[in-house]
Amino acid sequence: MERTLIGDLRSKIGQSVTVQGWLQVLRDQKKMQFLVLRDQTGAVQIVVEKAASPDQAALISTCGVESALTITGKVIDNPIVKLGGIEMQLESIEVNNNAAIPLAFEPFNDTLPALDFRMDWRYLELRRPENLLIFKIQTTAEMAMREFWLKNGFIEIHSPKMVGTPSEGGAELFSLDYFGRPAYLAQSPQFYKQMAMAAGFERVFEIGPAFRADPSFTSRHMTEFISIDAEISWIDSHEDVMSMQERLLQYTYQKVKDAHGDEIKARFGIDITVPTLPFPRLTMAEAQQILKERNYSVPADKKGDLDPGGERELGQYIKEKYNHEFVFLKDWPIEVRPFYHMRHADNPKLTKSYDLIAKGLEITTGAQREHRRDILEKQALDKGLNLDILSGYLDYFKFGCPAHGGFGMGLSRLLMVMLGLESVREAVFVFRGPNRLEP
RNA sequence: GGGGGCGUGGUGUAGCGGCUAACAUGCGGCCCUGUCAAGGCCGAGAUCGCGGGUUCGAACCCCGUCGCUCCCGCCA
């Protein structure tokens with residue numbers, strides 16, 4: 001028999017239908033059994049008269065909660081039933097996969113085990129509707145971004161994740177053996193996006209994994225994460241990149257709000273605010289001044305950079321002054337930016353770069369890239385880098401590369417901020433960290 | 001990598017020098033019941049992360065160690 005979704009049962013009253021899902025509750029009484037079966041669309045009570053079907057009743061008694069069941073029965077309108085005023089009378093049941101007793105933990109309890117323990121049994125935790133919702137939202141958000149980019153003439157690329165040369169630095173690279181020679185997991189699609197610019201793709205995006213061998217133990221770091229990247233050509237400055245990104249985020253927030261706004265409010269207590277354009281912008285110099293006025297002292301060794309506390313303070317300032325969740329922090333000093341960020345023509349100490357801070361959390365770095373090979377080489381040498389290692393990259397700028405720039409944004413960080421989650425570990429399907437390689 | 005915090009039945013917590021280690025939830029049994037956050041009674045389940053020390057006495061204090069976690073560094 002064809003499967004009926006539990007959410008559609010109201011329209012099937014009087015009919016015999018088949019539902020499939022997980023056993024939420026079993027109330028096993030002397031004469032009767034009441035089961036609550038849950039699927040993604042809802043939950044329904046199933047009644048069993050033990051005397052009428054003793055064999056099935058005996059089978060049901062062996063079922064642990066969270067067992068996967070297929071149940072056929074007649075849909076009855078019954079106002080007495082608190083669960084939707086509807087129930088099913090059992091006709092037949094198939095136990096697809098019994099759940100062992102006891103469960104590793106009870107995913108629907110009021111109190112849950114610590115996050116680290118839950119991660120050992122991630123699939124159980126993901127059965128909670130609010131967790132399911134996170135990934136429905138992620139799906140909507142990614143689709144919205146693709147939609148936005150396609151409407152604006154972007155091409156999707158998939159850059160290699162196994163690379164032969166480190167893009168820069170090297171301390172945070174995972175290395176692997178590639179048929180006897182060293183290889184690395186890509187930290188970023190950065191250079192390949194730029195290669196696409198040199199190829200004349202003009203506008204590209206990629207949503208894919210990035211790997212960082214940083215032993216960072218924070219609520220916002222992962223060793224493998226999904227990076228949302230975009231790169232555009234023929235720009236005048238990093239302002240063009242920010243303009244594209246803010247429109248992208250506005251579009252994405254609107255789509256998420258349209259599709260899930262009510263459920264997000266119900267599950268997370270958060271009103272999705274579609275950001276207004278333009279996002280507030282501050283130069284780093286202005287940001288430093290504002291922090292000083294607010295008596296927030298950035299550690300002396302930061303040299304024009306910000307610490308996470310400063311970012312949170314700035315997020316609070318933007319909220320108060322502009323009632324906005326986002327702020328572009330732009331024009332960072334060259335000391336704290338990589339060699340390939342373009343510098344201001346009228347101020348060689350400042351880069352044409354930005355970070356996007358969302359509710360006080362850094363979720364993006366973007367910039368106009370330096371596309372003039374001779375200047376790029378000079379900037380690399382200034383940073384003490386070896387031009388031989390970079391030669392493949394520098395060759396992108398040998399045969400006609402347009403001015404360009406782009407950004408990288410952490411998908412899970414975006415979701416974390418959007419939904420007010422405490423940790424990226426909740427916002428990612430399966431977490432990877434320095435001490436977490438399973439499941 | 002640096003600093004702080006925490007490790008007590010399956011899970012979440014209480015206890016912080018003198019207990020047969022408590023409570024909730026889950027699990028098992030019985031009773032009751034068209035139940036529905038079900039209810040009632042009974043029961044099993046913890047050598048209090050591990051090792052050492054202080055003490056008449058340690059879950060509790062000290063040292064070490066491992067694990068987790070948060071903050072910083074670094075970043076998306």
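Numbered from 1 within each chain, the chains take letters A, B, ... in sequence-line order. Quantities reported herein were computed from a predicted structural model and do not represent experimental measurements.
- Between A:Tyr340 and A:Tyr393, the angle of the ring planes goes over 60°, which puts this pair in the perpendicular group of the 30/60° scheme.
- Across all strands shown, A:Thr218 has heavy atoms under 4.0 Å from base atoms, whether or not it also approaches the sugar-phosphate.
- The shortest distance between the side-chain N/O atoms of A:Arg27 and the OP1/OP2 oxygens of B:A38 is below 4.0 Å.
- Of the charged side-chain nitrogens involved, at least one lies within less than 4.0 Å of a carboxylate oxygen, so that A:Arg294 and A:Glu320 count as a salt-bridged pair.
- At whole-Å resolution of the value, CG in A:Asp116 and C1' in B:C6 are 13 Å apart.
- Look at CG on A:Asp214: it is 11 Å from P on B:C74, rounded to the nearest Å.
- Nucleic acid contact class of A:Ala210 (heavy atoms, under 4.0 Å, all strands): none.
- B:G34 has no base stacking with the ring of A:Phe34 when judged by centroids under 5.5 angstrom apart and an interplanar angle below 30°.
- Atom CD of A:Gln245 is separated from atom P of B:A76 by 12 Å (rounded to the nearest Å).
- For the pair A:Arg425 and B:C68, the criterion of a side-chain N or O lying under 4.0 Å from OP1 or OP2 is not met.
- Looking at A:Ser216, its side chain comes within 3.5 Å of the base of B:C74 through a donor and an acceptor atom.
- The CG atom of A:Asp305 sits 6 Å away from the P atom of B:C74 (whole-angstrom rounding).
- No more than 12 heavy-atom neighbours from other residues, nucleotides or ligands sit within 6.0 angstrom of CD on A:Glu422.
- Candidate nucleotides B:G1, B:U35, B:C75 were compared by shortest atom distance to the side chain of A:Phe217, and B:G1 ranks first.
- Without hydrogens or angle criteria, A:Thr72 side chain to A:Thr18 main chain gives no donor-acceptor distance under 3.5 Å.
- Counting non-hydrogen atoms under 4.0 angstrom, A:Val81 reaches a base of the nucleic acid.
- Looking only at distances, no side-chain donor or acceptor of A:Arg413 sits under 3.5 Å from a matching main-chain atom of A:Val424.
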Dump every N/O contact between nucleotides 12-15 of chain B and the protein below 3.5 Å, one line per pair.
{"from": "B:G12", "atom 1": "OP1", "to": "A:Ala114", "atom 2": "N", "distance (Å)": "3.2"}

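- Judged purely by atom type and a 3.5 angstrom limit, A:Lys383 uses its side chain to pair as donor or acceptor with the backbone of A:Arg337.
- In this structure, CG of A:Asp307 is placed 16 Å from C1' of B:C70, rounded to the nearest angstrom.
- Judged by distance alone, the side chains of A:Gln190 and A:Gln194 do bring a donor and an acceptor atom under 3.5 Å apart.
- Atom CG in A:Leu306 sits about 13 Å away from atom C1' in B:C75, given to the nearest Å.
- Look at A:Asn435 and you'll find a side-chain N or O under 4.0 angstrom from OP1 or OP2 of B:C68.
- For A:Arg413 against B:C75, a side-chain N or O and a base N or O form a donor-acceptor pair under 3.5 Å.
- A:Asp39 places a side-chain N or O within 3.5 Å of a backbone atom of A:Ile6 that can act as its donor or acceptor partner.
- Atom CD of A:Glu125 and atom P of B:U11 are 15 Å apart (whole Å).
- Looking at which nucleotide of RNA chain B each of A:Lys31 and A:Met119 is closest to, the 5′-most match is held by A:Lys31.
- Donor-acceptor pairing under 3.5 Å, judged by distance alone, is present between the side chain of A:Glu106 and the base of B:G10.
- On a pure distance criterion of 3.5 Å, a polar donor-acceptor pair joins the side chain of A:Glu87 and the base of B:G34.
- Using atom C1' as the reference point in both B:G2 and B:A59, the two lie 30 Å apart (nearest Å).
- Ring geometry, A:Trp149 versus A:Phe205: the interplanar angle falls under 30°, so the pair is classed parallel (tilted spans 30 to 60°).
- Paired runs in RNA chain B that reach 3 or more consecutive Watson-Crick or G-U pairs, where each pair keeps both distances under 3.5 Å, cover B:1-7 with B:66-72, B:10-13 with B:22-25, B:27-31 with B:39-43, B:49-53 with B:61-65.
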Cut-off 3.5 Å, no hydrogens considered: what does the side-chain donor-acceptor table look like for residues 358-366 of chain A, sequence neighbours left out?
{"from": "A:Lys359", "atom 1": "NZ", "to": "A:Val417", "atom 2": "O", "distance (Å)": "3.0"}
{"from": "A:Thr364", "atom 1": "OG1", "to": "A:Gln245", "atom 2": "NE2", "distance (Å)": "2.9"}
{"from": "A:Thr365", "atom 1": "OG1", "to": "A:Asp355", "atom 2": "OD1", "distance (Å)": "3.0"}

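- Of the C1' atoms belonging to B:G51 and B:U69, the separation is 23 Å, rounded to the nearest Å.
- Phosphate proximity of B:C32 to A:Lys30: present, with a side-chain N or O under 4.0 Å from OP1 or OP2.
- At a cut-off of 3.5 angstrom, the base of B:U35 holds no donor-acceptor pair with the side chain of A:Gln33.
- Contact annotation for A:Arg312: backbone-only contact, meaning every heavy-atom pair under 4.0 Å involves sugar-phosphate atoms and none involves a base.
- By the 5.5 angstrom centroid cut-off and the 30-degree plane limit, A:Phe105 is classified as not stacked against the base of B:U11.
- The residues A:Glu263 and A:Lys136 are annotated as not salt-bridged, no charged nitrogen and carboxylate oxygen being separated by less than 4.0 angstrom.
- You'll find that the side chain of A:Met32 is closest to B:G34, out of B:G34, B:C71, B:C75.
- A:Glu362 places its CD atom 13 Å from the C1' atom of B:G73, with the value rounded to the nearest Å.
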